[in-house]
Each structure stands twice: as structure tokens, then as C-alpha cells.
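A short worksheet on the structure shown next.
Throughout, protein chains are lettered first and strands after them, A, B, ... in sequence-line order, and every chain is numbered starting at 1.
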There are 2 protein chains.
Amino acid sequence: MPQIDTKTRILDAAEHLFARDGFHSTSLRAITGQAQVNLAAVNYHFGSKDALLQAVFERRLHPLNQIRQDLLEQVLHTARQQNIRPRVIDLIGSFIEPTLAFRQSESGAQDFTTLVGRALVEPDPTVRDCFIKLVTPLFLQLSAALQLALPQIPAEILQARLQFTLGAMGHTMCTLGRPPLELPGILPPLPAEKIAELLINYVSSGLEAPC
Amino acid sequence: MPQIDTKTRILDAAEHLFARDGFHSTSLRAITGQAQVNLAAVNYHFGSKDALLQAVFERRLHPLNQIRQDLLEQVLHTARQQNIRPRVIDLIGSFIEPTLAFRQSESGAQDFTTLVGRALVEPDPTVRDCFIKLVTPLFLQLSAALQLALPQIPAEILQARLQFTLGAMGHTMCTLGRPPLELPGILPPLPAEKIAELLINYVSSGLEAPC
DNA sequence: GTCTATACGATGATAGAC
DNA sequence: GTCTATCATCGTATAGAC
């Protein structure tokens, strides 16, 4: 009798191996081997390898996006009440801070951020689209909120800047555990909370820059 | 008789397939098949699959880094002559603009930027280290130059911000060709030159932000 | 419902004859 | 250098035990 149920064991193993080796380089046999379950269990519980990938994304993203969305709406609500524009730093904070907190708390979350980093640069639609469609709704909300906070910035410029932000954030999250550039002349890495604070500061400044 | 020599055909095919499918998911057979050369030719010309990857990186990075370094030294030289601090926007421009120009000009450069994007998030040292060691010298020079331009920023903060910059830049370069988020509510993408200008503006602002 | 054992067809790696 | 026979491994499907 396993302590953890089969579905979870498969998800944990898949998350780890997809992050470490990439989706296409990871075989179902490697996953079921690590999870100590039968090969066919993947097909039984998830239907296919693609569906398993989607389940790996959903398990983490659904609760995380819920938190981010709640925070975002809270920021917007407060601003509306006070009849002022929301602050960029608060909007961005509602997006970045839960991500960081989540990454620190849950075991396997580090693997997950690596997987997200991979998905962001993946040209193959199997992996990329699977991730993109889960974050797009929230991303559009954030985009609209930032447009509200920065009405003087043209929409297409703001959108480009949001892409830069996504890149900075994704890269930071998925390389947080590792040494930044493993070579001499590099200072020891800062603690994750400090990095998050610096990142929010950095991207806020970039988003608000005069055109 | 081929119009292009065997080594180049292998490099072109490897660059394309490594970018599209990832290093580990690309077989030598796929490469030699696309290049229309014999399977053994890879081992003859490059020695191994790993060495081929390194050659793919070097072919693009050596000339590109040379240009970036020349530009960087030119910016530093001008500042020294005028006895003023170099401007962040010029330093960052010397790093980003040649990359963009190169990406636009050379065929296959788009594949290459995708490959770089992959290398930046790759946990496996085979791919990652191979790339990192080729960009580190220039990266350290840029880091030192920015420290000169921004003496009021503590070194460890500047270093974190440089990592954010690397993330924003890497992500931008490797997703330039694709639609940013392929869903409704998204505006048509801007031309690459405009994106580069916005990116330089964005990261400069982020780097210079008050602590 | 859950899980296991096993099989299938496809694809790719490997090594030895030519 | 090339071709080919052989073998390993892939994702998926199915039959049946608990």
C-alpha cells in the first residue's frame, strides 16, 4: 500500500522529469519507474502523455492563479474605493509575490518553475500551448489593470513591456535555485525574498518608463 | 555535388533541429538526414554530438560577441575621453542592438535565438554550460561597465538586475518571430526594430531604478 | 473503479558486412 | 563512407486480476 495515491505519485514524478529532461525526452516508462507504478496507470488516470502534461500544469496553476487573481482584484478594488489609479508596483506584486511564495513552500514547486521556464521558450505547440492557455486569462486581466494604472502608455508599448516582464520573471523563477552564472567574478546569490523584491522594483520601473 | 560544404550543412541542420526539438530529443540521424550527409560525417567533422552543439554555438557567438565587445569598448572609450560616466542606455544598446541586427540578417539566426532561449533555462549542464562559458567573459565586462555607470547601486543588486535583463532579453529574442500569446485580445506584434528600442528603454529603466 | 501484465506498431540507435 | 540487419525503446491499447 502506498502512502501517497497513484495519481499524485505520477504527477510528482512527471513534474520532476519533465523539468529536468524536457517533455519529449521523458518517457512514460521513466515516469512510471520513478513513481513506482505500472506503465498503464498513466493512460488509465490521464488518458495520454499530453493530458498528463496538462494535469501537471493544472495542479499548480489553478490554485496559484486563484491567489494571484484574488490579490489583483483586491488591489483594483482598493484603488477604486479611494478613487485613485492602482499602483504598478502593487499590480505586479500581486502577480510575482504569490509565485515566489508558492515556489518556496511546496515541494516540487522548484521543478515546476523550471518547467514553466521551458514552456515559455518552447517552439513546439504541444508543450507551449498547454501552458499558455492556462495563464492567458489572468495575463489579460493583468494587462488591462496595468493599462488602467498607466493610461499615458500606448497599449502596444505596454504589451511589449509586459512581454519583457514575463521574460524577466520566468527566467528569474526558473533559475532561482541555481547559481546565476557559474564562474569566477560572480557574487553569492541573494535570498529569494530579496530577489522578489528587487524583481518587482525592476519591472515596475521598466513598465513605468517614459516613452 | 553540394553547393554548400558538409560542415555548414550539418551546422545549419543541427541549429534548426536543436532549436525546434531540443538537444536531447534530436538524433544524429535527424540532423544528417536533413543535411543530406552521411551519419558518420558528424563524428568525422565535429567528434561528437556534444562538440557539434558547441560548434553551433560558436559559429554565431564568436562574431556576435566580437561586435558587442567592440561596441562596448567604444562606449567606454568615448565616456573616458569626455571624462563622464558611460550611459546605461548606451551600454545596454551595445549588447542588445547587435543581437537584434544579427537575428534579422542571418538565415537560421532565428533558430539560434530559440536555442539560446532554451540554453538559458536548461537545467542539464551539457547544454547550459556549453552556452554559458561562451558568453560569460562579455557578460562580466558588461557587468563591470554597468557598475561604472551606476556606482550608487550595490554590486549584488546590480547583478540581480542584470539577471532580470538577461531573462527579458532572452525571452524577447527567442519569441520575436512568434505571436506573443496566441489568443484574442492581443494586439498585432510590433516590428523587431521597435521592439529592440522598447526593450533597451525598459531594461535601462529597470537597471537605473532607485533602490 | 483501480491497477497489472503484456502486446503492438513505429521509430531510432548500433554495429558489422560491403 | 554506405547499407542493412538487429535490437532497444517509444507511446498506446487491451485483457483480466483485485
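The phosphate of C:dT2 has neither OP1 nor OP2 within less than 4.0 Å of any side-chain N or O from A:T6. Considering only side-chain N and O atoms, A:N43 lies nowhere under 4.0 angstrom from the phosphate OP1 or OP2 of D:dG11.
For the pair B:K7 and B:Y44, the cation-pi test (distance below 6.0 Å, angle within 45°) is failed. A cation-pi arrangement is found for B:K49 relative to B:F23, the charged atom lying closer than 6.0 Å to the ring centre and inside a 45° cone about the ring normal.
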Just the table, please: protein N/O against nucleotides 14-18 of chain C N/O, every pair under 3.5 Å.
residue: C:dT14; atom: O4; partner: B:R29; partner atom: NH1; Å: 3.3

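Taking atom CG of A:L17 as the reference point, atom P of D:dC10 lies 12 Å away to the nearest angstrom. The interatomic distance linking B:N38 (CG) with D:dG1 (P) rounds to 8 Å, in whole Å. The CZ-P distance, from A:F46 to D:dA13, rounds to 16 Å in whole Å. Look at NE2 on B:H24: it is 17 Å from P on D:dT9, rounded to the nearest Å. Look at CG on A:D50: it is 10 Å from C1' on D:dG11, rounded to the nearest Å. Rounded to whole angstrom, the span from the CD atom of A:Q36 across to the C1' atom of C:dT4 amounts to 15 Å.
Side-chain proximity of A:H45 to the nucleotides C:dC3, D:dG11, D:dG1 is greatest for C:dC3. When the nucleotides C:dG12, D:dG11, D:dT2 are ranked by their closest atom to the side chain of B:S27, C:dG12 comes out on top. Distances were taken from every side-chain heavy atom of B:Y44 (C-beta onward) to each of D:dG1, D:dT12, C:dC3; the shortest belongs to D:dG1.
In this structure a side-chain-to-backbone donor-acceptor pair under 3.5 Å is present from B:R118 to B:R20. Judged purely by atom type and a 3.5 angstrom limit, B:R161 uses its side chain to pair as donor or acceptor with the backbone of B:A209.
Within a 6.0 Å sphere centred on CD of B:Q69, heavy atoms belonging to other residues, nucleotides or ligands number more than 12.
Map B:T26 and A:V37 each onto its nearest nucleotide of DNA chain C; the residue landing nearer the 5' end is A:V37.
Among the heavy atoms of the strands, none lies under 4.0 Å from A:S25.
B:D70 meets the side-chain hydrogen bond (donor to acceptor under 3.5 Å, both in side chains) test with B:Q66; sequence neighbours excluded.
Between A:F112 and A:F102, the ring planes are perpendicular. Angles over 60° get that label, and only those under 30° would be called parallel.
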